[in-house]
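Okay, so here's the structure we're looking at.
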Amino acid sequence: MNVKMPEKVLQLEKLRNIGIMAHIDAGKTTTTERILFYAGKKHAMGNVDDGNTTTDWMIQERERGITITSASISFDWRGHRFNLIDTPGHVDFTIEVERSLRVLDGAIAVFDASAGVEPQSETVWHQASKYRVPRIAFMNKMDKMGADFDMSVKSMIDKLGAKPLVIQYPIGAESAFEGVVDIINMKAIRWTDELGTQMEYSDVPSNLSEKVEELRDELMTQLADIDDEILQLYLDGENVPIEKIKSVIRRGTIESRFFPVLCGSSFRNKGVQPLIDAAVDYLPSPLDLPPVFGKDPDGKDIIRTPSADESFSALAFKIFSDPYVGKLTYLRVYSGILEKGSYVYNSTKRTKERVSRLLLMFADKREDIDYVGPGDIVACIGLKNTRTGDTLCDEDNPIILESLEVPDPVISIAVEPQSKDDEQKLKDALVRLMDEDPTFRVLIDPESGETILAGMGELHLEIIIDRLLREFNVKTQVGKPQVAYRETISVPVDAEGKYIRQSGGRGQYGHVRVKFEPLERGSGFTFENKIIGGTIPKEYIPAVEDGIKEALSSGSLGGYPVVDIKATLYDGSYHEVDSSEIAFKIAGSLATKEALTKGKPKMMEPIMELEITTPTEYMGDVVADLNSKRAQITSFDNRGNARIIKALVPLGELFGYATILRSLSQGRAVYTMKFSHYSEVPQSFADKIIKVK
């Protein structure tokens, strides 16, 4: 893997790995289209409404006008190479945002200037904060009715707890939006042709001079807080050089001390070029960020720096089944060099695989390349056993990088092929779809034998079924959506499991005493071994834990998985001859079943955080309907002429809610929802659920 790289590949300071993230319908994909057009990668701009955008290339995306899968594209701007990922805005596809942010160096957060920070904006912002991704903000749709730049900036402070750094201010708003004022250079910028390729620079309009001066002072004050040289120049009343201002903005952005804010209208082709310039000027290259941390096979911390001289390391962050070339594995390379045709070591799976081809991606199009180096985001062909979150590295210098946090599914449906001929095709297709999407699970119901598909929401599973038909030519029959209920116990309980079997020759003997106790919501399962004095030999302890885990997969009420429970093994006995791992596994299972019956079991249901935006005249009907759905309304708010209702609602009450809300509001209200937590099901509803089960 020690290949000499061309000099141009080694200029890491000129590489930008960035993502575009936002709430649904804030204009991410339109902004991406304009970026590609101005960068010379497209000869004509695509539009979401026309279904001809580059990054929304799946047929399901074009039909619905939404982004479903994150698409990677590469382009050049001002001598810099960009790897850009356009991410979905719908909460059902949040894993696409999660895995993109895990491997990106910076991000552009796009906001609808008429709405400011919206629910999914908050979600993706906090995801970016978790991975410490530097960001710049773009207040898009300044031409839209109700656009309010100051409100949008304030919403970043109020809802995100972020510190915005305003470096542009709009000239006009709504239909009167003309351009922007560059607060750093104190110049007005207007776009003079329909395609937005011609820019005209002029003095700041007189009606904005007072506001812009105020923002300039605010800007310099924020920069002086982190740079002594600017502080001194500012106090002395001297001009601060533009390059100095930009360098300090860059430093503060990379350290996430503040977030530069720009504005424009991507659809009207205004404000996009300065946005790409800002990504060059303020977002980091791989060299600007700390080295990547990982573990060696012994669990010790090690680091990799973005250097061609380091051992190779990369993270597989996305799998995609391409109908023409087969399985594509997307990689972010952190160190070293990888040549096509060479072997890599999967340190997560401890297997060796051969990379037959390396591809530079342009959404669903591709270009073959011979090698990749630090900072590159590419796809490769040939990796059969690699999954999302796996680390690929040099076998002689193994490292395991931090993987991804994958949320559990909250909704499921039963599915079966329409004919016997489709059975194997369905199995093969589901395996490929699970490879692609870690939040999509396939289970077999042990009682009915049904195939159960589990996902993040109704739309998520709807897309899966649609893809089965269109991509894999599998016709299916689909059952009604089912809620992913859980069970737990209410009180601590001691339980005993004894398995004794004698049938001539060697018998079976396993005996355990286990204390079970409920844990806080979201704690999962914990096992503790408190055996003292060898009442159970230590080689049988793992078997007891396995038996308990197996029994927790099916509760005593409705057969749902049992969560948030601690099992403490504290006593038992064994037989010198007859004891075995299987006997202790069965004993652990028997103790668990006894505890689940005695521990006052209760059912838990997923609660969704719902946010509804509705015209005022429909608010009464919407609230009345929510009250009929066991909703807990948490707040009311105003946003322009609309009312914002936030509520916590059981998922089981929300099937088909899009249709209900449309009928209540003549199609004018919209909503978003995301998983919040699990909560106890009222007894009357639990009885109904168990009866149906």
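If you're wondering where the values come from, they're calculated on a predicted model, not measured in any experiment.
- The shortest distance between side-chain heavy atoms of Ile582 and Gln508 falls below 4.5 Å.
- Between Phe527 and Asn529, the closest side-chain pair of non-hydrogen atoms falls below 4.5 Å.
- Residues that satisfy the side-chain hydrogen bond (donor to acceptor under 3.5 Å, both in side chains) test with Glu353, not counting sequence neighbours, are Thr386.
- The pair Lys295-Asp301 meets the salt-bridge criterion, with a side-chain N (NZ, NE, NH1 or NH2) lying under 4.0 Å from an Asp/Glu carboxylate O.
- Looking only at distances, a side-chain donor or acceptor of Asp437 sits under 3.5 Å from a matching main-chain atom of Thr439.
- With hydrogens and angles disregarded, a donor-acceptor distance shorter than 3.5 Å links the side chain of Arg102 to the backbone of Glu402.
- Between Lys566 and Glu528 there is a salt bridge, since a side-chain N of the basic residue sits under 4.0 Å from a carboxylate O of the acidic one.
- The main-chain N or O of Arg132 is never found under 3.5 Å from a side-chain atom of Ser129 such that the two would form a donor-acceptor pair.
- The aromatic rings of Tyr509 and His511 sit perpendicular, their planes meeting at an angle over 60°, well past the 30° parallel limit.
- Within a 6.0 Å radius of NZ in Lys130, more than 12 heavy atoms belonging to other residues, nucleotides or ligands are found.
- Interatomic distance, NZ of Lys475 versus CG of Leu426, reported as 14.5 Å (0.5 Å rounding).
- Around NZ of Lys327, the count of heavy atoms belonging to other residues, nucleotides or ligands within 6.0 Å exceeds 12.
- Under a 4.0 Å N-O distance rule, the pair Arg387/Asp435 qualifies as a salt bridge.
- The pair Asp390-Lys349 counts as a salt bridge, with a side-chain nitrogen and a carboxylate oxygen less than 4.0 angstrom apart.
- A donor-acceptor pair is defined here as one N or O able to donate and one able to accept, closer than 3.5 Å; such a pair exists between the side chain of Glu487 and the backbone of Ser556.
- A donor-acceptor pair is defined here as one N or O able to donate and one able to accept, closer than 3.5 Å; such a pair exists between the side chain of Ser579 and the backbone of His575.
- No donor-acceptor pair closer than 3.5 Å links the side chain of Tyr330 to the backbone N or O of Thr388.
- Lys598 contributes a side-chain N or O that, together with a main-chain N or O of Asp494, makes up a donor-acceptor pair within less than 3.5 Å.
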- prompt: Asp422 and Gln418: side chain to side chain donor-acceptor pair (under 3.5 Å), yes or no, with the steps?
  reply: CA-CA 7 Å; Asp422 283 333; Gln418 280 192 359; over 6 Å; no
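- In this structure, Arg332 forms a cation-pi arrangement with Tyr334, its terminal cationic atom sitting closer than 6.0 Å to the ring centre and no more than 45° off the ring axis.
- Remark: Lys585 engages Glu550 in a salt bridge, criterion side-chain N to carboxylate O under 4.0 Å.
- Under the 4.5 Å side-chain criterion, counting only non-hydrogen atoms from C-beta, Tyr657 is in contact with Ile612.
- Residues Arg643 and Thr613 have side chains that never bring a donor and an acceptor to within less than 3.5 angstrom of each other.
- Not a single donor-acceptor pair under 3.5 Å links the side chain of Thr476 to the backbone N or O of Glu416.
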Salt bridge (Lys or Arg N to Asp or Glu O under 4.0 Å) assessment of Lys427 paired with Glu423: CA-CA 6 Å; Lys427 287 178 184 175; Glu423 275 187 18; 5.2 Å; no
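- Remark: of the listed residues Arg521, Lys602, Arg486, Arg521 is the sole one forming a salt bridge (charged side-chain N to carboxylate O under 4.0 Å, His left out) with Asp564.
- Side chain of Thr535 to backbone of Ile531: no donor-acceptor contact under 3.5 angstrom is found.
- Considering only heavy atoms from C-beta on, Val133 stays 4.5 Å or farther from Asp105 through its side chain.
- The aromatic rings of Trp125 and Phe111 sit tilted relative to each other, their planes meeting at an angle between 30° and 60°.
- We find that Arg432 and Glu436 are not joined by a salt bridge, their nearest charged nitrogen and carboxylate oxygen being 4.0 Å or further apart.
- With respect to Arg630 and Glu605, a salt bridge is recorded, a charged nitrogen being found less than 4.0 Å from a carboxylate O.
- Within the 4.5 Å cutoff, the side chain of Leu392 has heavy atoms near those of the Leu383 side chain.
- In this structure the side chain of Asn346 never reaches within 4.5 angstrom of the side chain of Arg350, judged on heavy atoms.
- No side-chain heavy atom of Asp296 sits less than 4.5 Å from a side-chain heavy atom of Ile399.
- A donor-acceptor pair is defined here as one N or O able to donate and one able to accept, closer than 3.5 Å; no such pair exists between the side chain of Thr391 and the backbone of Leu315.
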